[in-house]
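Counting starts at 1 for both ligands and their atoms, in listed order.
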Amino acid sequence: MNIDLPLTLLGGLSPATFMKRHWQKKPLVIRQAIPGFFAPLERAELFDLAAQDDVQSRLVIQTPEVAATPWRLKQGPFARKALPALKKPGWTLLVQSVDLYDARVRALRDQFRFVPDARLDDVMVSYASDGGGVGPHFDSYDVFLLQAHGQRRWRIGRQKKLDLQPGMPLKILANFEPEQEFVLNPGDMLYLPPRYAHDGVALGECMTYSIGFRAPGAGELAQELLQRLADQAREEVGDALYRDPGQIAQTHAARIPADLAQFAQVALDKALHDPLAVQRALGEYLTEPKAQVWFEGAPPDARASPGVRLDRRTTMLYDDAHVFINGESFLASGRDASLMRLLADEQALTAAQLARLSAPARGLVADWVQAGWLNS
Ligand code: SIN
Ligand code: CO
């Protein structure tokens, strides 16, 4: 992708300018980001997805007549008859990770690859009956809200006070202070940075696609990476025993010896000293398939020929030393690394490119085809 070329998707801004001016900074309303956009997924198809038990879905029902609980939240799956009638106003069905299940939605997601893949979370598709919405709230995500069908009225505000109403089943702002309001039509899109207050209400039935980008938390990353490093620590550090032939007799027996504390610190430093181990843990974590993902293996005679393409459920990333695919890491260098990076960036390799891989790398690609991670 040429990041300096103006994109209709970004209202005529280039990805470079969009990232500089808006990303994580301020909202952008884009009229006809996708001109003549027609929702690829029909309402009935979305309802079918919400009925599957491996698909994460939620139903939000407004019950303003019940003052104590004006919002109800139910977790899917939902049989069609478990959903409220279409004529009933004020409900919303939210279906997560639709990009994993539908190639057209996945292709839409790929239009946003001027943002690193490592930041992408999923495409959530919502269906709302007239007046439906999830209330004024904020997300921790960067999000592109693409109007896919019907109209939605958005109100947004950059308030700093983000207290939530207590006792609600979903995040509802206690004091919403909208500053701008606009109605989005099919093909219009709103970008919001994290923690920007917003409220979208359906004007008639509507569908909205949220292309969401997760920002991992420092604590979450530290915990995840340390857990992975801990699994390898025994092997990395070895089982040398603490020795204290110089230990002198103690009058305060309960005090932890300073040498023992030092021994522990050195063991920990050893476990963490290899920067590649941290990079490896990060790449493996970032490419770990979501819980609901599974791959159907390819037929035994499947070959990586004439070329290969990443399965839409596969995540492939790389750093200076490794390539990562679906939670696994491989050291790569030279021409193999260049070609594997090409596979990750372009999501495909041609037969001619495959032929340039070393025999072991071609073997890996064949394994990935067998596992269903790549399609030939
Ligand atoms: C929706 O699609 O109903 C909600 C999207 C959002 O406000 O984040
Ligand atoms: Co939101």
Side-chain angles (χ1 to χ4, degrees), residues 24 26-30 33 37 39-41 43 46-47 49-50 55-62 70-76 78 83-84 86 88-99 105 108-109 112 120-159 162 164-165 168-174 176-178 180-215:
Q24 299 246 301
K26 57 178 185 184
L28 180 64
V29 179
I30 306 152
F37 185 66
L41 204 72
R43 182 180 67 201
L46 187 69
F47 290 179
L49 274 181
V55 176
Q56 204 192 331
S57 58
R58 288 165 296 159
L59 178 63
V60 176
I61 304 175
Q62 289 166 39
W71 300 95
R72 279 174 58 203
L73 172 69
K74 292 184 186 174
Q75 302 289 341
F78 302 103
L83 296 174
L86 297 178
K88 188 176 184 306
W91 62 274
T92 295
L93 173 72
L94 305 147
V95 183
Q96 295 296 147
S97 299
V98 176
D99 49 313
V105 176
L108 177 74
R109 177 189 121 172
F112 295 83
L120 188 101
D121 189 35
D122 73 345
V123 181
M124 178 186 84
V125 177
S126 70
Y127 168 85
S129 68
D130 184 31
V134 298
H137 67 284
F138 65 92
D139 298 303
S140 325
Y141 287 11
D142 296 84
V143 66
F144 293 91
L145 295 148
L146 172 66
Q147 193 56 27
H149 172 77
Q151 291 184 310
R152 190 183 281 275
R153 189 197 69 210
W154 287 99
R155 291 184 301 154
I156 65 172
R158 78 205 126 143
Q159 67 198 67
L162 294 169
L164 299 176
Q165 283 185 31
M168 292 295 153
L170 58 164
K171 277 185 357 185
I172 304 285
L173 283 168
F176 180 43
E177 296 157 16
Q180 295 180 64
E181 176 174 328
F182 23 74
V183 173
L184 294 196
N185 290 298
D188 293 346
M189 188 165 76
L190 166 64
Y191 162 75
L192 289 177
R195 302 177 72 77
Y196 213 95
H198 56 286
D199 185 20
V201 174
L203 305 176
E205 81 165 9
C206 91
M207 285 201 267
T208 303
Y209 289 18
S210 298
I211 300 104
F213 293 84
R214 90 192 142 115

Any idea which part of [X] is under 4.0 Å from ligand 1, heavy-atom wise: side chain, backbone, both or neither?
| X | answer |
| --- | --- |
| Y127 | neither |
| M207 | neither |
| V143 | neither |

**Message:** Angle between ring planes, F144 versus F213, binned at 30° and 60°: parallel, tilted or perpendicular?
**Reply:** perpendicular
Over all atoms of both residues, closest heavy-atom pair of [X] and [Y]:
| X | Y | value |
| --- | --- | --- |
| L93 | L83 | CD1-CD2, 4.0 Å |
| P27 | P193 | N-CD, 3.9 Å |
| T208 | Q147 | OG1-OE1, 3.0 Å |

**Message:** In the structure I gave you, are the side-chain heavy atoms of W154 and V29 within less than 4.5 Å of one another anywhere?
**Reply:** no
**Prompt:** Do E205 and S129 get their side chains close enough for a donor-acceptor pair, meaning under 3.5 Å?
**Reply:** no
**Asked** Quick one: do the Q96 and D122 side chains pair a donor with an acceptor below 3.5 Å?
**Response** yes
**Complete:** Counting from 1 in the order shown, the ligand 1 atoms closer than 4.0 Å to a non-hydrogen atom of H198 are 6 (C), 7 (O), 8 (O)
**Asked** With atoms numbered from 1 as shown, which atoms in ligand 1 lie under 4.0 angstrom from a non-hydrogen atom of W154?
**Response** 7 (O)
**Message:** Among the N, O or S atoms of H198, which one sits nearest to the Co ion (ligand 2)?
**Reply:** NE2
**the Co ion (ligand 2) - closest N/O/S atom in D139** = OD2
How far is [atom] from its nearest protein heavy atom, and which residue and atom name does that atom have?
| atom | value |
| --- | --- |
| atom 7 (O) of ligand 1 | H137 CE1, 3.0 Å |
| atom 2 (O) of ligand 1 | S126 OG, 2.7 Å |
| atom 4 (C) of ligand 1 | V134 CG2, 3.9 Å |

**Message:** With a cutoff of 4.0 Å, is F138 in contact with ligand 1, counting heavy atoms of the residue only?
**Reply:** no
**Prompt:** Nearest 0.5 Å, what's the CZ-CG distance between F47 and L41?
**Reply:** 10.5 Å
**Item:** Options V201, V60, D139, ranked by nearest heavy atom to atom 8 (O) of ligand 1, top entry
**Value:** D139
